[in-house]
Amino acid sequence: MKESPNWLETPNDLMANILQRLGTVEIFTSAVKVCTTWREICKDPAMWKVIFVKKSLDGRDKIYDFERLTKQAVDLSCGELIDICLVSFGNDDLLDYIVLRSNKLKRLGLLALLIWPFIKCDDDDALAIANNMHELRCLDLSESEITNNGLEAILNGCLHLQSLDVGKCHNLNLGGILGKQCMERIKDFKHDSTQN
């Protein structure tokens with residue numbers, strides 16, 4: 001009879017790769033409780049270079065404090081965070097928290113998924129992004145309240161930006177020089193034709 005493999009003998013880098021496929025909530029609520037090895041792996045900043053947190057629309061996960069869990073994940077990244085996506089939750093305080101602790105961030109996704117408003121991402125938030133996330137490569141601000149002033153600040157502060165989604169941003173007017181500048185400079189520029 002063949003013996004079952006001892007999962008505790010799995011190399012830590014392979015185990016980390018497996019654990020990273022879980023969501024942030026699952027890691028904090030389940031994986032860290034499995035064993036000491038998993039708990040130690042989950043504390044490694046390399047585990048938190050990419051953070052994806054999604055709140056369900058049906059309310060089944062309302063027992064979780066998503067803002068607190070996200071802040072905890074950002075803290076565990078120890079400044080090494082390069083990619084974060086928040087789905088169906090958030091607020092200005094959380095965005096500020098991420099901005100101030102993530103100067104290596106290259107991708108920021110703020111997705112509403114039918115909840116309005118998600119983060120009232122406005123020009124103040126755009127200035128925070130522009131002033132603190134200079135390495136940003138990908139930014140999703142769809143359905144936000146950003147105006148041309150905020151978008152211009154982001155273009156001036158985030159010179160490495162390659163992908164930008166401003167679809168359903170009804171306060172933008174991209175018919176002039178700003179729209180042309182976005183189309184010329186941003187490789188993957190998503191917007192609505194009604195913004196022109």
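Side-chain atoms of Arg185 come within 3.5 Å of backbone atoms of Leu155 as a donor-acceptor pair (strictly under, hydrogens ignored). The main-chain N or O of Ile146 is never found under 3.5 Å from a side-chain atom of Asp122 such that the two would form a donor-acceptor pair. No side-chain donor-acceptor contact under 3.5 Å links Asp44 to the backbone of Met47. The backbone N or O of Asp123 lies less than 3.5 Å from no partner atom in the side chain of Glu145, so there is not a single donor-acceptor pair. Between the side chain of Asp140 and the backbone N or O of Ser142 there is at least one donor-acceptor pair closer than 3.5 Å. Between the side chain of Glu40 and the backbone N or O of Thr37 there is no donor-acceptor pair closer than 3.5 Å.
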Could you walk me through whether Arg39 and Lys33 pass side chain to side chain contact (heavy atoms under 4.5 Å, CB included), step by step?
CA-CA 7 Å; Arg39 187 170 30 259; Lys33 298 175 183 176; 5.7 Å; no

Report the C-alpha separation of Ser102 and Ile84 in whole Å, then their side-chain angles, then the decisive distance to 0.1 Å, and conclude whether the side chain to side chain contact (heavy atoms under 4.5 Å, CB included) test is met.
CA-CA 10 Å; Ser102 310; Ile84 187 165; over 6 Å; no

How far apart are the C-alpha atoms of Ile154 and Leu136, what are their side-chain angles, what is the distance that settles it, and do they pass the side chain to side chain contact (heavy atoms under 4.5 Å, CB included) test?
CA-CA 10 Å; Ile154 287 173; Leu136 205 59; 5.9 Å; no

Please step through side chain to side chain contact (heavy atoms under 4.5 Å, CB included) for the pair Leu178 and Glu152, ending with a clear verdict.
CA-CA 7 Å; Leu178 184 60; Glu152 188 172 3; 4.2 Å; yes

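No side-chain heavy atom of Trp48 sits less than 4.5 Å from a side-chain heavy atom of Val74. Looking at Phe52 and Leu86, their side chains never come closer than 4.5 Å, going by heavy atoms from C-beta outward. Contact of the Asp188 side chain with the Asp165 side chain is not registered, since no non-hydrogen atoms from C-beta on lie closer than 4.5 Å. In this structure, the side chains of Val99 and Leu108 stay at 4.5 Å or more apart for every pair of heavy atoms.
Scanning both residues, Ala153 and Leu127, for their nearest heavy atoms gives CB-CD2, 3.6 Å. Across all their heavy atoms, Glu135 and Arg137 have their closest contact at O-NH1, 2.6 Å. Considering every non-hydrogen atom in both Leu19 and Cys42, the closest pair reads CD1-SG, 4.0 Å. Annotation for Pro45 and Ser77: closest pair CB-O, 3.6 Å, computed over non-hydrogen atoms. Here the closest non-hydrogen pair linking Leu174 and His191 is CD1-CB, 3.8 Å. Nearest heavy-atom pair, Leu161 versus Ile186, reported as atom, atom and distance to 0.1 Å: O-CD1, 3.6 Å.
Within a 6.0 Å radius of CD1 in Ile177, other residues, nucleotides and ligands contribute 12 heavy atoms or fewer.
Considering CD1 of Ile129 and CD1 of Ile98, their distance stands at 9.5 Å, rounded to 0.5 Å. Summarising the geometry, atom OG1 belonging to Thr24 is positioned 10.0 Å from atom CG belonging to Leu76; distances are rounded to the nearest 0.5 Å. Taking CG from Asp75 and CZ from Arg101, the interatomic distance works out to 6.0 Å, rounded to the nearest 0.5 Å. We find the NE2-NE2 distance between His134 and His160 to be 9.5 Å, quoted to the nearest 0.5 Å. To the nearest 0.5 Å, the span separating CD on Gln181 from CZ on Phe189 amounts to 10.0 Å. Between the CG atom in Leu139 and the NZ atom in Lys106 there is a gap of 15.5 Å [rounded to 0.5 Å].
For Asn17, the side-chain contact (heavy atoms from CB on, under 4.5 Å) partners two or more places apart in sequence, or in a different chain, are Arg21. Under the side-chain contact (heavy atoms from CB on, under 4.5 Å) criterion, Arg107 pairs with Asp83, Cys85, Cys138, not counting sequence neighbours.
Classified by interplanar angle (parallel below 30°, tilted 30° to 60°, perpendicular above 60°), the ring pair Tyr64/Phe66 is perpendicular.
The pair Asp93-Lys71 counts as a salt bridge, with a side-chain nitrogen and a carboxylate oxygen less than 4.0 angstrom apart.
Hydrophobic clustering of Ile, Leu, Val, Met, Phe, Trp and Tyr side chains at less than 4.5 Å, counting indirect connections, unites Met15 with Val34.
Between the side chains of Asn171 and Thr147, no donor-acceptor pair of N or O atoms lies under 3.5 Å. No side-chain donor-acceptor contact under 3.5 Å links Tyr97 and Asn91.
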